[in-house]
Amino acid sequence: MKISILTLFPNMFNIFDESIIGKAREKDIIKLDVINIRDFTKNKHKKVDDYPYGGGAGMVISPQPVVDSIRFAKKENKGKVIFLGPRGVTFNQELAKKLSKEENLIFVCGHYEGIDERAYKYFDMEISLGDFVLTGGEMACIPVIDSICRLVPGVLGKEESFMDESFYHGVLEYPQYTRPEVFEGEKVPSILLSGHHENIRKWRRQQSLLITKEKRKDLFNSLELSKEDKKLLK
């Protein structure tokens, strides 16, 4: 997968040099380039923003450097152009799975008080993390890209690494335990020590359902429970 990120703050994405995504880049599973929107401004002082027409607080990003940076990215990347902004669809695991199947993606990070309305027609999609305010699109872009990339085949060691995670199948993940077997008087559930894989699978599914029902009733109520699920809940 090739990802292009258009931003005013390129150094914020150095985080993708590290950990799992960094290793995936070393293996060329993920190709990521960061493009500085400021490089495309025609203003001699490298200014990319200006005061809003009609008055108001803050500054608005001009359309010209944004549109020109998109055109530049499109020379090497024919993917969807995704803007990180408050009008967008709320990001979730289903959208992450859908976007992880794309070969190319372009992300545009907004900043300041917004972006000139005339730039919006160059976006194919807008994504929001939720109903809260961030200092810039970069802060939303990082978790979105991380969530997408880890679903790309080869990025994680085994497919099971993400298949059992929270939200992947619409439920929260089951409890996890490791050594020591006893910690401050609390023991690891005996079923996990039994070696009986089918019983462990059922226990884990039961725990996922119970935790989801307790912690996220909205998710639980949207589930289509199987006959086994209903039996486990009883």
- Task: Can you run down the side-chain hydrogen bond (donor to acceptor under 3.5 Å, both in side chains) pairs that involve residues 126-142, sequence neighbours left out, and say none if there aren't any?
- Result: T7-E138, H111-E138

- Message: Can a donor-acceptor pair be found, under 3.5 Å and without considering hydrogens, that links the side chain of R150 to the backbone of V155?
- Response: no

- Note on the structure: With sequence neighbours left out, the residues meeting ring pair (Phe, Tyr, Trp, His ring centres under 6.0 Å) with F16 are none

- Can you name the closest pair of heavy atoms from S69 and I37 and give their distance? OG-CG1, 3.9 Å

- Message: Taking NZ in K74 as the centre, count heavy atoms belonging to other residues, nucleotides or ligands within less than 6.0 Å. Is the count above 12?
- Response: yes

- Can M12 be reached from I127 by stepping across I, L, V, M, F, W or Y side chains whose heavy atoms are under 4.5 Å apart? yes

- Note on the structure: Taken to the nearest 0.5 Å, the spacing of S4 OG from I70 CD1 works out to 11.0 Å

- Give a yes or no answer on whether the side chain of N221 reaches the backbone of D218 with a donor-acceptor pair at less than 3.5 Å. no

- Item | Stacked cation flag R87 on Y120, 6.0 angstrom / 45 deg | yes

- Task: Would you check if Y177 and L192 make a side-chain contact, meaning some heavy-atom pair closer than 4.5 Å?
- Result: yes

- Query: Got a sec: does the CD of E198 have more than 12 other heavy atoms crowding it under 6.0 Å?
  - Reply: yes

- Measure the NZ-CD distance between K80 and E102 for me, rounded to the nearest 0.5 Å. 3.5 Å

- Query: So with a 6.0 Å cut-off around CE of M139, is the heavy-atom count from everything else above 12?
  - Reply: no

- Query: When rounded to the nearest 0.5 angstrom, what distance separates CG in D49 from CG in L8?
  - Reply: 8.0 Å

- Query: Are the side chains of Y174 and Q206 in touch, meaning some heavy atoms are under 4.5 Å apart?
  - Reply: no

- Message: Tell me if a side-chain donor or acceptor on T41 pairs with a main-chain N or O of R38 at a distance below 3.5 Å.
- Response: no

- Message: Can you confirm whether more than 12 heavy atoms, excluding those of F132, are under 6.0 Å from its CZ atom?
- Response: yes

- Message: Within a 6.0 Å radius of atom CD on E181, are there more than 12 heavy atoms belonging to other residues, nucleotides or ligands?
- Response: no

- Y51: ring pair (Phe, Tyr, Trp, His ring centres under 6.0 Å) partners, not counting sequence neighbours: none

- Item | NZ (K78) with more than 12 external heavy atoms under 6.0 Å | yes

- Message: Return the SG to CG distance between C149 and L105, rounded to the nearest 0.5 Å.
- Response: 8.5 Å

- Item | Heavy-atom side-chain contact between I191 and K202 under 4.5 Å | no

- Note on the structure: SG (C141) and CG (D146) are apart, to the nearest 0.5 Å, by 11.0 Å

- Straight-line distance of I21 CD1 to I148 CD1, nearest 0.5 Å: 10.5 Å

